[in-house]
Amino acid sequence: MNITALLAGLCSGIIASMGMGGGAVLLIYLTAFLSVPQLNAQGINLIFFIPIGIMSVIIYVKQKKIKFKSTIPLAVFGVVGSLAGIWVTRVLDGAFLGKIFAFFLIFLGISEIFKKDKNTP
């Protein structure tokens with residue numbers, strides 16, 4: 001097994017289980033280091049998320065950190081968003097989607113840098 005693949009999967013899984021976007025690590029690894037097309041990398045990322053999500057839900061349910069009244073609307077809109085995403089990937093070119101994803105990551109990174117922390121004086 002390739003040590004780089006092992007480290008990318010491990011880091012992605014750990015970050016994803018903490019809810020911090022481990023898919024970004026996996027997508028960057030797949031597209032930049034393995035030259036996997038963007039759409040295929042996104043599909044692999046979605047499949048990778050399923051066991052991570054299941055394990056995270058089990059852990060958080062045991063810790064009583066899930067508010068089920070909020071969960072149902074989020075799940076419904078998550079499914080709707082997923083279906084919309086499937087439609088978008090069929091309409092737009094993979095290279096264009098890659099540029100949109102890169103812009104989104106840069107925007108999030110910059111917004112996090114300038115974000116004011118309410119706990120800091």
Side-chain angles (χ1 to χ4, degrees):
M1 175 179 271
N2 184 344
I3 190 73
T4 309
L6 180 69
L7 289 173
L10 183 65
C11 289
S12 183
I14 290 169
I15 293 169
S17 66
M18 292 188 292
M20 296 190 300
V25 172
L26 187 61
L27 285 172
I28 291 168
Y29 172 72
L30 290 171
T31 55
F33 295 100
L34 297 183
S35 301
V36 174
Q38 180 73 27
L39 290 177
N40 292 357
Q42 289 172 336
I44 292 167
N45 182 47
L46 290 174
I47 292 169
F48 180 80
F49 179 74
I50 293 169
I52 300 296
I54 290 169
M55 289 305 300
S56 296
V57 167
I58 291 169
I59 290 168
Y60 289 133
V61 165
K62 286 182 178 181
Q63 294 177 354
K64 297 181 177 158
K65 293 189 176 193
I66 295 180
K67 297 178 182 177
F68 287 101
K69 288 184 181 181
S70 303
T71 304
I72 293 173
L74 290 172
V76 168
F77 285 109
V79 169
V80 171
S82 296
L83 294 173
I86 290 169
W87 177 78
V88 168
T89 59
R90 293 178 187 258
V91 173
L92 298 178
D93 177 49
F96 183 66
L97 287 174
K99 290 175 185 175
I100 291 173
F101 182 70
F103 174 77
F104 181 69
L105 285 179
I106 291 168
F107 174 77
L108 283 176
I110 291 171
S111 67
E112 285 296 315
I113 290 171
F114 295 107
K115 182 179 173 182
K116 303 247 188 223
D117 187 10
K118 294 179 181 179
N119 297 328
T120 305

**Item:** Among L7, V36, T4, side chain to side chain contact (heavy atoms under 4.5 Å, CB included) partner for Y29
**Value:** T4

**Asked** Between V91 and F96, does a side-chain contact (heavy atoms from CB on, under 4.5 Å) hold up when you go through it step by step?
**Response** CA-CA 11 Å; V91 173; F96 183 66; over 6 Å; no

**Asked** Is the closest side-chain heavy-atom distance between L26 and L30 below 4.5 Å?
**Response** yes

**Prompt:** Would F33 and V25 show up in the same hydrophobic cluster when neighbours are defined by side-chain heavy atoms closer than 4.5 Å?
**Reply:** no

**Prompt:** How many angstroms lie between atom OG of S35 and atom CG of N40, to the nearest 0.5 angstrom?
**Reply:** 12.0 Å

**Message:** I'd like to check the side-chain contact (heavy atoms from CB on, under 4.5 Å) partners of F101; sequence neighbours left out, ordered by chain and number.
**Reply:** L27, Q38, L105

**Euclidean distance, L6 CG relative to C11 SG, rounded to 0.5 Å** = 9.0 Å

**Single-linkage hydrophobic cluster L46~F49, side-chain heavy atoms < 4.5 angstrom** = no

**Request:** Applying side chain to side chain contact (heavy atoms under 4.5 Å, CB included) between K62 and each of I59, I66, I58, report the one that passes.
**Result:** I58

**From CH2 (W87) to CG (L92), nearest 0.5 Å** = 7.5 Å

**Prompt:** Does a sphere of radius 6.0 Å around CG in L83 hold more than 12 heavy atoms from other residues, nucleotides or ligands, not counting ones at 6.0 Å or beyond?
**Reply:** yes

**Message:** Side-chain heavy atoms nearer than 4.5 Å, only ILVMFWY residues, links allowed to pass through others: does that put L34 and I44 together?
**Reply:** yes

**Minimal non-hydrogen separation, T31 against A41, with atom names** = CG2-CB, 3.8 Å

**Message:** Checking T89 now: which residues fulfil side-chain contact (heavy atoms from CB on, under 4.5 Å) with it, not counting sequence neighbours?
**Reply:** L39, Q42, L97

**Item:** Heavy-atom closest pair, residues G23 and N45
**Value:** CA-OD1, 3.1 Å

**Message:** Would a single hydrophobic cluster contain both I86 and V79, if residues Ile, Leu, Val, Met, Phe, Trp and Tyr are joined by side-chain heavy-atom contacts under 4.5 Å?
**Reply:** yes

